[in-house]
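Worksheet: one structure, shown below.
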There are 2 protein chains.
Amino acid sequence: MTADPAARRGIPDATVARLPEYLRALSSLAGQGIGSVSSEELAAASGVRSAKLRKDLSHLGSYGVRGVGYDVDLLAAEISRELGLTQDRSVAIIGMGNLGRALAAYSGFVTKGFRIVALVDDDPAVVGDTVAGITVRALDDLDRLAAEGLSIGVITTPAHSAQLVCDRLVTAGVHAILNFAPCVLAVPDEVDVRKVDLSTELQILAFHEQRKALASGLGLEEVAP
Amino acid sequence: MTADPAARRGIPDATVARLPEYLRALSSLAGQGIGSVSSEELAAASGVRSAKLRKDLSHLGSYGVRGVGYDVDLLAAEISRELGLTQDRSVAIIGMGNLGRALAAYSGFVTKGFRIVALVDDDPAVVGDTVAGITVRALDDLDRLAAEGLSIGVITTPAHSAQLVCDRLVTAGVHAILNFAPCVLAVPDEVDVRKVDLSTELQILAFHEQRKALASGLGLEEVAP
DNA sequence: AGGTCTTTGTGAACGTGCGCACAAAGTCGC
DNA sequence: GCGACTTTGTGCGCACGTTCACAAAGACCT
Ligand SMILES: NC(=O)c1ccc[n+]([C@@H]2O[C@H](COP(=O)([O-])OP(=O)(O)OC[C@H]3O[C@@H](n4cnc5c(N)ncnc54)[C@H](O)[C@@H]3O)[C@@H](O)[C@H]2O)c1
Ligand SMILES: NC(=O)c1ccc[n+]([C@@H]2O[C@H](COP(=O)([O-])OP(=O)(O)OC[C@H]3O[C@@H](n4cnc5c(N)ncnc54)[C@H](O)[C@@H]3O)[C@@H](O)[C@H]2O)c1
């Protein structure tokens with residue numbers, strides 16, 4: 001049954017999370033006209049160790065040539081296929097505030113196989129506006145959008161509305177959600193939610209800053225035992 | 001020497017990454033006037049299992065009361081202290097484009113102990129503008145800012161400028177950087193870089209979408225063996 | 001064609017993180 | 001004051017991820 005012993009079924013999550021970075025590095029190399037790259041070079045460009053890179057790539061098959069390295073275009077195509085980027089995916093952004101507008105105006109997705117097909121808001125003052133060449137639609141249009149094959153929903157509403165919007169997306173049949181609101185979303189098992197949180201990142205940085213400060217000049221605020 | 005056997009030295013990274021979420025859940029509870037919470041309840045509000053939550057909290061000491069739970073305010077204070085949020089940290093945002101402006105306008109940091117002290121851009125047409133009540137400064141001002149105790153740098157410039165900006169920040173003495181540009185930054189060991197990447201998140205979602213699609217209707221595009 | 005040299009792919013050791021399950025500890029009712 | 005009940009804190013085993021180190025595989029030179 002398992003026809004391909006090397007790869008099939010089950011690429012580790014940690015590996016999947018790094019594939020986009022490899023893909024970006026490969027695109028950059030291709031743009032410089034470089035056709036072949038070693039694991040050492042690609043790893044450096046991706047910010048990982050070469051052993052890790054090789055093990056990651058081994059999960060999707062044997063596309064390298066020993067003594068030479070990897071063909072840039074071939075490897076990029078292979079990673080794209082594995083990530084499911086060969087077929088374009090449509091994205092809707094819900095919440096046309098500061099962040100939602102910035103995302104809508106961002107051209108970085110489009111080149112990567114993501115197409116923003118809809119912008120949504122519930123504020124009547126915003127609905128009908130044109131942002132980045134797209135007319136903002138009302139929340140009720142979500143069901144219609146899903147029927148048209150919406151693949152991913154991006155939530156950029158305030159936290160108190162996020163669960164509501166999430167529920168609408170799920171009901172409409174969306175199985176992949178990217179959440180920018182600082183809250184946890186409850187979803188059925190079959191739905192995939194990823195969260196991006198600014199404050200969390202800053203707080204993690206703050207922790208390491210403090211740790212460094214404590215390590216260098218220890219015992220500054222210790223007054224009494 | 002190691003006075004406190006329970007906690008001191010070495011909170012796992014995975015735990016640190018979850019502490020901000022616990023803190024947010026606690027803030028929410030405090031806002032509802034709730035003074036005490038069990039690990040089960042707090043875990044549910046944070047989107048984790050209660051055993052994981054308890055183990056995480058055990059790394060910073062014993063602040064729970066058996067048979068009762070945790071004091072909301074006490075625990076929040078303790079986590080804040082551990083994360084180094086008791087002392088305010090100043091943040092500079094470099095790159096006043098779509099994303100940089102959205103971040104500057106965002107009020108979510110301020111309440112968490114982060115203070116945006118400077119906005120920076122290298123475009124003469126942008127320098128001098130007022131964004132979110134702050135005057136945009138030139139890139140050369142970075143050194144002066146660092147001298148004033150700048151703690152964290154946020155990079156929201158295009159990718160091709162990110163390394164340059166990063167180098168300026170490092171030279172100026174900044175040891176914590178949050179990077180939104182889609183590229184890897186080279187920094188000395190003592191500098192901490194975290195990256196937030198939209199496209200990566202979407203690509204990971206796409207991978208799981210594809211996997212689900214393959215699992216349900218298998219062998220759709222298999223034509224010949 | 002044979003030898004050398006480079007680089008891949010991977011087995012094995014190691015470290016980290018996670019979940020279960022339970023004993024210890026403290027509360028609350030009586 | 002005592003017993004039953006609740007909830008914490010943690011020891012243990014397992015799964016996952018990372019790193020090392022090397023044998024196998026192929027390119028390139030002569
Ligand atoms: N702006 C940032 O830099 C930033 C950073 C980190 C996190 N966030 C988070 O991202 C979210 C959006 O931030 P923002 O600054 O853009 O906020 P914002 O207030 O500028 O925009 C929110 C938008 O969502 C719309 N909205 C509200 N409820 C809605 C609903 N039920 N359905 C559809 N649309 C609805 C509002 O009309 C508004 O246009 C917030 O949750 C915020 O915490 C923002
Ligand atoms: N906008 C988004 O939603 C989004 C999403 C994901 C990632 N990003 C990334 O974030 C970055 C910024 O995105 P954006 O949409 O705001 O771009 P943008 O082009 O709107 O803004 C970039 C800003 O950086 C300034 N800048 C350029 N070089 C600089 C330098 N050397 N020093 C200081 N300032 C400099 C420019 O003057 C400009 O104001 C990009 O790297 C982009 O890939 C953006």
Side-chain angles (χ1 to χ4, degrees), chain A residues 2 4-19 21-22 25-26 29 34-72 74-75 78-79 82 189 204 207-208, chain B residues 4-19 21-22 25-26 29 34-72 74-76 78-79 82 189 204 207-208:
Chain A
T2 56
D4 193 337
R8 283 296 74 82
R9 295 318 123 203
I11 296 178
D13 285 348
T15 295
V16 173
R18 285 186 292 267
L19 290 180
E21 189 62 57
Y22 302 153
L26 287 168
L29 290 169
I34 297 172
S36 180
V37 68
S38 72
S39 66
E40 206 69 51
E41 295 163 338
L42 184 54
S46 309
V48 302
R49 299 285 184 183
S50 63
K52 197 192 277 191
L53 173 81
R54 286 199 300 275
K55 182 148 286 189
D56 282 345
L57 295 185
S58 76
H59 286 116
L60 31 114
S62 265
Y63 298 107
V65 178
R66 291 169 195 237
V68 176
Y70 300 88
D71 181 277
V72 171
L74 173 64
L75 187 55
E78 216 51 54
I79 294 177
E82 199 63 53
D189 287 343
I204 295 172
F207 171 82
H208 287 113
Chain B
D4 192 336
R8 282 295 74 81
R9 298 316 125 205
I11 296 178
D13 285 348
T15 295
V16 173
R18 284 186 292 267
L19 290 180
E21 189 63 57
Y22 302 153
L26 287 167
L29 290 169
I34 298 172
S36 180
V37 67
S38 72
S39 65
E40 205 69 51
E41 294 162 338
L42 184 54
S46 308
V48 300
R49 299 284 182 182
S50 64
K52 197 193 282 193
L53 172 80
R54 287 199 300 276
K55 185 154 287 184
D56 282 344
L57 295 185
S58 76
H59 285 116
L60 30 115
S62 265
Y63 298 106
V65 179
R66 292 168 194 237
V68 176
Y70 300 89
D71 181 277
V72 171
L74 173 65
L75 187 56
E78 215 50 54
I79 294 178
E82 198 63 53
D189 287 344
I204 295 172
F207 171 82
H208 287 113

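Every chain is numbered from 1, with letters handed out A, B, ... down the list of sequences.
In this structure, the CZ atom of B/Arg49 is 12 Å from the C1' atom of C/dC20, given to the nearest Å. As a whole-Å value, the separation of A/Asp56 CG from C/dG9 C1' is 13 Å. A straight line from CG of A/Leu53 to C1' of C/dG9 spans 12 Å, rounded to a whole angstrom.
The shortest side-chain heavy-atom distance between B/Leu57 and B/Leu53 falls under the 4.5 Å cut-off. For the pair B/Pro12 and B/His59, the minimum side-chain heavy-atom distance is below 4.5 Å. Side chains of A/Asp13 and B/His208 form a contact here, defined as non-hydrogen atoms less than 4.5 Å apart. By the 4.5 Å heavy-atom criterion applied to side chains, B/Leu42 and B/Leu29 are counted as neighbours. Between B/Val48 and B/Tyr22 the shortest side-chain heavy-atom distance falls below 4.5 Å.
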TODO: Output, in order, the C-alpha distance, side-chain angles, deciding distance and verdict of side-chain contact (heavy atoms from CB on, under 4.5 Å) for B/Glu41 and B/Tyr70.
DONE: CA-CA 10 Å; B/Glu41 294 162 338; B/Tyr70 300 89; over 6 Å; no

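A pairwise comparison of heavy atoms in B/Val72 and B/Leu26 identifies CG1-O, 3.6 Å as the closest pair. Here the closest non-hydrogen pair linking A/Glu82 and B/Phe207 is O-CD1, 3.2 Å.
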Give each protein N/O atom lying under 3.5 Å from an N/O atom of nucleotides 6-8 of chain C, with the pair distance.
from	atom 1	to	atom 2	distance (Å)
C/dT7	O4'	A/Gly67	N	3.0
C/dT8	OP1	A/Ser39	N	2.5
C/dT8	OP2	A/Ser39	OG	2.5
C/dT8	O2	A/Arg66	NH1	3.0

List every contact pair, protein side and nucleotides 12-17 of chain C side both N or O, where the distance is under 3.5 Å.
from	atom 1	to	atom 2	distance (Å)
C/dA12	N6	A/Lys55	NZ	3.1

